[in-house]
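For this chain, numbers begin at 1 and follow the sequence in order.
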Amino acid sequence: MSTVLTIARKEFRSYFASPMAYVVTTVFLLIGGFFFYTMLSYFSRLSFQFMQYGYSEEQLNINDMVIRPLYMNLSLILLMVIPMITMRLLAEERRSGTAELLFTSPVTAWHVVGGKFLGALGLVAVLAILTCVYPLVVLMVGDVDPGPAASAVAGLFLMGAGFVAWGVLASAASESQIVAAVTSFGFLLLLWVVSWAGSITEGSLASVLNYLSVMAHYEEFTKGILDTSHLVFFACLTFFPLFVAAQLLASRHGR
């Protein structure tokens with residue numbers, strides 16, 4: 001375990017030793033801030049109109065109108081930035097030849113995959129924690145239910161873990177960072193929109209497609225619903241690609 005944590009710390013520090021972490025964090029928060037400002041402004045304007053015409057403000061739910069759509073948009077932004085975070089994890093090691101040097105030390109494929117995964121996941125955790133500023137701002141101006149907001153942040157982290165795992169697999173399978181980024185983005189986007197196909201099909205196929213939809217599972221988190229089936233889905237989404245990536249590296253380097 002100490003070997004995994006050593007690799008993870010090295011990988012996490014490498015993000016902040018380059019502009020990568022700062023650029024990704026800035027872009028993520030700027031786009032998220034734009035969505036947040038737009039949604040909160042619309043909610044405030046609608047609340048004022050309700051007061052003006054004598055309607056009850058209780059008909060407006062700030063969680064449903066601001067928090068939920070905000071975090072759904074943030075999860076889509078996360079889908080776009082994670083391939084940039086993970087593309088270099090193993091592809092750069094293979095391209096530069098340092099992968100062979102890494103495997104001459106007493107580490108296994110699982111050590112490398114686990115360490116790289118945790119290092120990238122650390123940056124995702126930073127992004128997820130920083131999004132807490134949005135619900136905190138809402139608490140200052142309105143009555144927000146903290147439960148759905150907290151579960152939305154937790155779900156964002158779990159989804160990010162699954163996205164990072166697929167990024168690790170794509171990076172392990174390619175020597176090109178660009179190919180790794182495009183491959184992981186394409187597959188993650190497919191998992192995001194697969195429910196669209198489920199909406200035009202019927203029977204067991206529709207059920208399977210809807211279950212494979214990342215968006216459908218995460219949407220329940222934004223409602224404050226923590227169901228075992230969703231936790232199992234994100235666990236499988238994370239473990240399966242890590243297992244395949246470890247087997248792929250082990251077959252190449254005999255570890």
Exercise. Do V66 and F36 touch side chain to side chain, with heavy atoms closer than 4.5 Å?
Worked result: yes
Problem set entry | Chi angles and distances behind the side chain to side chain contact (heavy atoms under 4.5 Å, CB included) call for L231, L158 | CA-CA 8 Å; L231 296 176; L158 292 176; 3.8 Å; yes
Exercise. Between atom CD of E11 and atom CZ of F117, what is the distance when rounded to the nearest 0.5 Å?
Worked result: 13.0 Å
Problem set entry | Any side-chain heavy-atom pair of S171 and R88 under 4.5 Å | no
Problem set entry | Set of residues satisfying side-chain contact (heavy atoms from CB on, under 4.5 Å) with respect to L190, sequence neighbours excluded | none
Exercise. Quick one: are the ring centres of F234 and F221 less than 6.0 Å apart?
Worked result: yes
Exercise. Should F28 and L74 count as side-chain neighbours, where that means a heavy-atom distance under 4.5 Å?
Worked result: yes
Exercise. Apart from I178 itself, what residues make up its hydrophobic cluster, given side-chain heavy atom links below 4.5 Å?
Worked result: V182
Exercise. Side-chain contact, heavy-atom cut-off 4.5 Å: V232 with C236?
Worked result: yes
Exercise. Are S184 and F163 close enough that some pair of their side-chain heavy atoms sits under 4.5 Å apart?
Worked result: no
Problem set entry | Pairwise distance CG(L76) to CE(M215) - rounded to 0.5 angstrom | 9.5 Å
For this session: Could you tell me which non-hydrogen atom of I7 sits nearest to which non-hydrogen atom of H111, and how far apart they are?
Result: CD1-O, 3.6 Å
Exercise. Is I31 close to N73 at the side-chain level, that is, under 4.5 Å between some pair of heavy atoms?
Worked result: no
Problem set entry | I67 and T222, any side-chain heavy atoms less than 4.5 Å apart | no
For this session: Drop me the distance from R13's CZ to R9's CZ, to the nearest 0.5 angstrom.
Result: 6.5 Å
Problem set entry | Residue list, ring pair (Phe, Tyr, Trp, His ring centres under 6.0 Å) with Y15, at least two apart or on another chain | none
For this session: Run the numbers on F243 and W110 for side chain to side chain contact (heavy atoms under 4.5 Å, CB included), then give the verdict.
Result: CA-CA 8 Å; F243 175 79; W110 272 110; 3.8 Å; yes
Exercise. Should I225 and V153 be regarded as members of a common hydrophobic cluster, given that ILVMFWY residues are connected when their side-chain heavy atoms come within less than 4.5 Å of each other, either directly or indirectly?
Worked result: no
Problem set entry | Gap separating the CE atom of M159 from the CH2 atom of W192, nearest 0.5 angstrom | 4.5 Å
Exercise. Does A170 offer a backbone N or O that forms a donor-acceptor pair with the side chain of S174 under 3.5 Å?
Worked result: no
Problem set entry | side chain to side chain contact (heavy atoms under 4.5 Å, CB included) between M72 and F35, worked out | CA-CA 11 Å; M72 290 302 293; F35 283 123; over 6 Å; no
For this session: Answer whether the closest heavy-atom distance between the side chains of V164 and T238 falls below 4.5 Å.
Result: no
Exercise. Which residues pass the ring pair (Phe, Tyr, Trp, His ring centres under 6.0 Å) test with F187, sequence neighbours left out?
Worked result: W166
For this session: Could you grab the distance from atom CD1 of I82 to atom CG of L123, nearest 0.5 Å is fine?
Result: 8.5 Å
Exercise. Side chain to side chain donor-acceptor pair (under 3.5 Å): which pairs involve residues 227-236, sequence neighbours left out?
Worked result: H217-H230, D227-S229
Exercise. Sub-3.5 Å donor-acceptor pair from the side chain of S151 to the main-chain atoms of P148, do we have one?
Worked result: yes
Problem set entry | V27 reachable from L127 in the ILVMFWY side-chain graph, under 4.5 Å edges | yes
Exercise. Where do I85 and A120 come nearest, in terms of heavy atoms and distance?
Worked result: CG2-CB, 4.1 Å
For this session: Sequence neighbours left out, what pairs pass side chain to side chain donor-acceptor pair (under 3.5 Å) with at least one residue falling in residues 24-33?
Result: none
Problem set entry | A245 versus V113, closest heavy-atom pair with distance | C-CG2, 4.0 Å
Exercise. Are V138 and I129 co-members of a hydrophobic cluster defined by side-chain heavy atoms under 4.5 Å apart?
Worked result: no
Problem set entry | Any residue meeting side-chain contact (heavy atoms from CB on, under 4.5 Å) with V133, in chain and number order, not counting sequence neighbours | V137
For this session: For F16, check ring pair (Phe, Tyr, Trp, His ring centres under 6.0 Å) against everything at least two apart and list the hits.
Result: F12, Y22
For this session: Find the distance between CE (M80) and CG (L188) and round it off to the nearest 0.5 Å.
Result: 11.5 Å
For this session: Tell me, please, which residues at least two apart from F34 pass side-chain contact (heavy atoms from CB on, under 4.5 Å).
Result: T38
For this session: Please say whether more than 12 non-hydrogen atoms of neighbouring residues, nucleotides or ligands are located less than 6.0 Å from OH in Y211.
Result: yes
Seminar exercise, completed: Joining Ile, Leu, Val, Met, Phe, Trp and Tyr whenever any side-chain heavy atoms lie under 4.5 Å apart, the cluster holding L30 also takes in none
For this session: Could you list all the side chain to side chain donor-acceptor pair (under 3.5 Å) pairs where at least one residue sits in residues 125-134, not counting sequence neighbours?
Result: Y71-T131
Problem set entry | same_hphob_cluster(M84, V179) at 4.5 Å side-chain heavy-atom cutoff | no
Seminar exercise, completed: Sorted by chain and number, sequence neighbours left out, side-chain contact (heavy atoms from CB on, under 4.5 Å) with Y42 holds for R45, L46, M65
Exercise. Between F239 and V112, is there a shared hydrophobic cluster once you connect ILVMFWY residues whose side-chain heavy atoms come closer than 4.5 Å?
Worked result: yes
For this session: Specify the closest pair of heavy atoms between A8 and L118, including all atoms of both residues, with the distance to one decimal.
Result: CB-CB, 3.7 Å
Problem set entry | Sole candidate of L89, V244, T86 that passes side-chain contact (heavy atoms from CB on, under 4.5 Å) when paired with L169 | V244
